[in-house]
Amino acid sequence: MPEALPYKEPALVHLFIFLSFAYLLNVTRSVTDFLFHGGVVAEIILGILYGDPLSGLLPREWETAFTVLGYTGLLLVIFEGGLSSNLPMLLSNLPLSTICALTGIGLPIAFSIALLHGAFGYSPLEAFAAGAALSSTSLGTTLAVLNSVRHTAPHHLESPSTSTGTNTASTSSSSDVGGPSLISRDEVTATIGEHPNSLGQSRIGTILISAAIIDDVVGLVIAAVIPALASAESVSSHIDKGELAWTITRPLLSSLLIAVIAPLVSCFVLRPLFWYKGFGELWCAPARADKPWGMYAFAKPENGWGTEEHADAVKVFVMIAALSAMAAISNYSNTQSHGESGSAPSRAARNRRSKDLSFEDAFGRIIGPIQQCILLPLFFASIGFAIPFLDLWRPIVIWRGILYSVFMCLAKLAVGLPILIYGPLMSYVPSVLGKTKRSVSSSVFKTKSAILRRVHWLSISRPSATPDTGPEGTATQTPEKADAGTTSQLVQSASSAETRSSTSPSPQDGLGDIRAATFMGVAMVARGEIGLLIAQLARGDPGKGQLGLLGEETFLLCIWAILLCTLVGPMCLGYIVRRWG
C-alpha cells in the first residue's frame, strides 16, 4: 500500500546548493550573453561543474528531476517556434528548406565516413553512427538564441514597415532574404504583432526553422534505427528480419503520417470547431462591453469575470492539451514531431480581435517567464550533466576530437550554400527558358518564311491588276515584305524583352546575399540534445553488456564534436544576429 512521504526539513547544504545553482544559471547566462553572445554556453558549463562530470554537487535524483524539467522546456520552446511560424511562408519555401536539410544530413555522414573510416581506421558502421549523431541540429538551442536577441536588434535593422530608404534595402537583403513579399505588409504586421524584429517571421528564419525540424525528425528516426542495427550487428543476436524492417520503417512512417494528418485535422476539424458560432472567441477572448466571456451572460468585466487572465488560462489549456496529444502520439509511434497551434480571426475584424485571440501572446505572458528563467536554463544544464568531461582529455582523443569537430562545423556551415545558389539558379532557369523560347520562335518564323516564299513563287503566273494591289484595289504586301515585317517585329519584341529583363529587379536579390547564407550555416552548427541522444543510443550500455555501434573512443570523438559545436555555434549566431540582424 502506498505511503505518504514524510515531510523533512531540507538540509541547509542542499538549500545552498540549489539556490546557488538556480541563481548562477541566470546570472552567468546574462553575463555571457552580454560579453560573448552565447548565454547557453555558460549554462552547459555550469551543468558540467555542478553535475556528475566534475564536482557531483547535485545528487543523482536531482539531476534526473532537472533533466525532466529541462526537457519540458525544450518541448515548450519548440512548440513556441511552431506557434510563431509563418505558415504560408513556410510552405512556399519548403523546397529550399528541404534542400538545406538534406545538405545538413548528408555532409556530416559523408565527412564522418571519410575521416573516421578512411583516415582513422574505424569501422564503416561506427563512422555512420557518428555521422548520424552529428547530422542533427539543436532546434531548441537555435530558437533559444534567436529569442534571446529578439528585442535587442539594432535600430537600423527594424522591420520593413518602420524602415525607409537604405534601411529598407538592408532589411530586404538580410532579414527577409530577398525576393518579393509572400504576403501583404498588413498581414505581416498583424501576424508579427508585438515582435517586429522576430527572425522567426522572416523568410530566412522560416527556412531555418523548417530545415532544423526536418533534421531533427530524420535524426530521431535514425536514433530509433540504430539500436536495431546494433542488434543485427551483434553475433549473438537472432532478431527476425521482418521485425528489423518494421523497427526501421516504423518511425519514418509514423513521422510522415503525423506530418500529413495533423495539418488536415487542424484545418478541416479543429479550425471549424473553433469558429463554430463563435465558440472559440467566447472563451479565448476577454469579455468586452458587447461580448460576455464564455457561455454565461453575467460574465462581464464589471462583474469581475472574463478578464485577460481568465482568457489566457483557457488558451494555455488548449495549447497544453494539443502539445500533450502530439507528445503522446509521437511516443507511442516511437518518434517525435513539432506541432503548431493557433487561430486566425476573420480578415474584416483582424485588427480588433487578433490581440485578444493571440495564443502566442498568451504563451509569452503565462509560460514565457517560467520557461526563460527556470526550464530552459535547466535544459542546457542537463546537457552538461551528460558530457563525460574527464574522459575527453586523453591525447589521442583531444586532437582527433578537435579535428573531427572542425569537419563537423564545416559540414553544417555548408548548409548556407543552397541559399547562395538558389537565387542565381531561379534567375538562370527562366533566362534559359526565355532564350529557348526565342530560339524556337525564330525557327518557326524562318520555316514560315520559307513556306511563304514557296507559295509566292507558285503564284507568280497568276494574273493580277498590280503587284501590290488586291482584287478590290486595296494595297497588299508581297510575301517577302510580310516576312521582313514579321522578322522585324520579332527582333523588336526580343530587344524590348531583353531591355525589360535588364531593368527589372532580379529575383535573387537577398537570396544570394552572403550574410543570409552565413546566418543559415552558423545557425545549423549547434547539435545539443538530439546529437547526445543518438550518440548515447549508438554507444549502448557497456556496463550491462549492451554493446552498440560506437566504441568508447569513437563515442568520445562524437562528444568532442557535439560539445564544441554546441559551444561555438550559439556564440557565433548571437554575434551575427546582433551585428547584421
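Along the sequence shown, residues carry numbers from 1. Quick note: numbers below take in every heavy atom, side chains included, and nothing from hydrogens, waters or symmetry partners. Because the structure is a prediction, the values reported are computed rather than measured.
- The two residues N26 and P377 have their closest heavy-atom pair at OD1-CG, 4.3 Å.
- In this structure, the separation between CZ on F385 and CZ on F380 is 13.5 Å, given to the nearest 0.5 Å.
- Note that CD1 of I419 and OG1 of T103 are 9.5 Å apart. Values are rounded to the nearest 0.5 Å.
- In this structure, L573 and F519 have side chains that are in contact, with non-hydrogen atoms separated by less than 4.5 Å.
- With a 4.5 Å cut-off on side-chain heavy atoms, I387 and I44 count as touching.
- Inter-residue side-chain proximity for F379 and E43 is flagged as unmet; no heavy-atom pair is nearer than 4.5 Å.
- Of all heavy-atom pairs between M524 and V415, the closest is CG-CG1, 4.0 Å.
- Applying the salt bridge (charged side-chain N to carboxylate O under 4.0 Å, His left out) test to pairs two or more places apart or on separate chains, those with a residue in residues 408-419 are D215-K412.
- Rounding to the nearest 0.5 Å gives a distance of 12.0 Å between CG of L549 and CD1 of I534.
- S123 is not listed as a side-chain neighbour of F128, based on a closest heavy-atom distance of 4.5 Å or more.
- The shortest heavy-atom contact between M408 and A561 is CG-CB, 4.1 Å.
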For this session: Step by step, work out the side chain to side chain contact (heavy atoms under 4.5 Å, CB included) result for I559 and L532.
Result: CA-CA 7 Å; I559 297 300; L532 285 174; 3.6 Å; yes
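- Side-chain contact check for T98 versus I214: some heavy-atom pair is nearer than 4.5 Å.
- Under a 3.5 Å cut-off, the side chain of H117 and the backbone N or O of A127 do not form any donor-acceptor pair.
- Minimum interatomic distance between L392 and P388 (heavy atoms only, all atoms of both residues): CG-O, 3.4 Å.
- Take I45 and apply the side chain to side chain contact (heavy atoms under 4.5 Å, CB included) test, not counting sequence neighbours, and it matches V41, L49.
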For this session: List the steps and the verdict of side chain to side chain contact (heavy atoms under 4.5 Å, CB included) for L115 and L403.
Result: CA-CA 9 Å; L115 182 66; L403 181 60; 4.3 Å; yes
For this session: Test Q371 against E80 for side chain to side chain contact (heavy atoms under 4.5 Å, CB included), laying out the working first.
Result: CA-CA 11 Å; Q371 173 183 303; E80 185 184 16; 3.3 Å; yes
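- When all heavy atoms are compared, the tightest approach of A211 to A101 is O-CB, 3.6 Å.
- In this structure the side chain of S92 never reaches within 4.5 angstrom of the side chain of R203, judged on heavy atoms.
- Distance OH/Y404 to SG/C565: 9.0 Å, rounded to 0.5 Å.
- Taking CD1 of I99 as the reference point, atom CD1 of I207 lies at 10.0 Å (rounded to 0.5 Å).
- No more than 12 heavy atoms of other residues, nucleotides or ligands lie within 6.0 Å of OH in Y575, so this atom counts as exposed by the packing criterion.
- Remark: E126 pairs with no residue by the salt bridge (charged side-chain N to carboxylate O under 4.0 Å, His left out) rule, at least two apart or across chains.
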Exercise. So W560 and F407, ring pair (Phe, Tyr, Trp, His ring centres under 6.0 Å) or not? Walk me through it.
Worked result: CA-CA 12 Å; W560 260 110; F407 273 85; over 10 Å; no
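- Side chain of R400 to main chain of E553: no donor-acceptor pair is present (N/O by atom type, distance under 3.5 Å, no hydrogens or angles).
- Between L25 and A381 the shortest heavy-atom distance is CD2-CB, 4.0 Å.
- The aromatic rings of W399 and F120 stand perpendicular to each other, their planes meeting at an angle above 60°, with 30° marking the opposite boundary.
- Side-chain contact of S97 with S210: a donor-acceptor pair under 3.5 Å is present, judged by distance alone.
- Side chain of R527 to main chain of T137: no donor-acceptor pair is present (N/O by atom type, distance under 3.5 Å, no hydrogens or angles).
- The distance from atom OG1 of T206 to atom CG of L96, rounded to the nearest 0.5 Å, is 11.0 Å.
- With a 4.5 Å cut-off on side-chain heavy atoms, R365 and K315 count as touching.
- Side-chain contact check for L76 versus I370: every heavy-atom pair is 4.5 Å or farther apart.
- Distance alone, capped at 3.5 Å, places no donor-acceptor pair between the T554 side chain and the L550 backbone.
- Using modelled atom types, no side-chain atom of S136 and backbone atom of A132 make a donor-acceptor pair closer than 3.5 Å.
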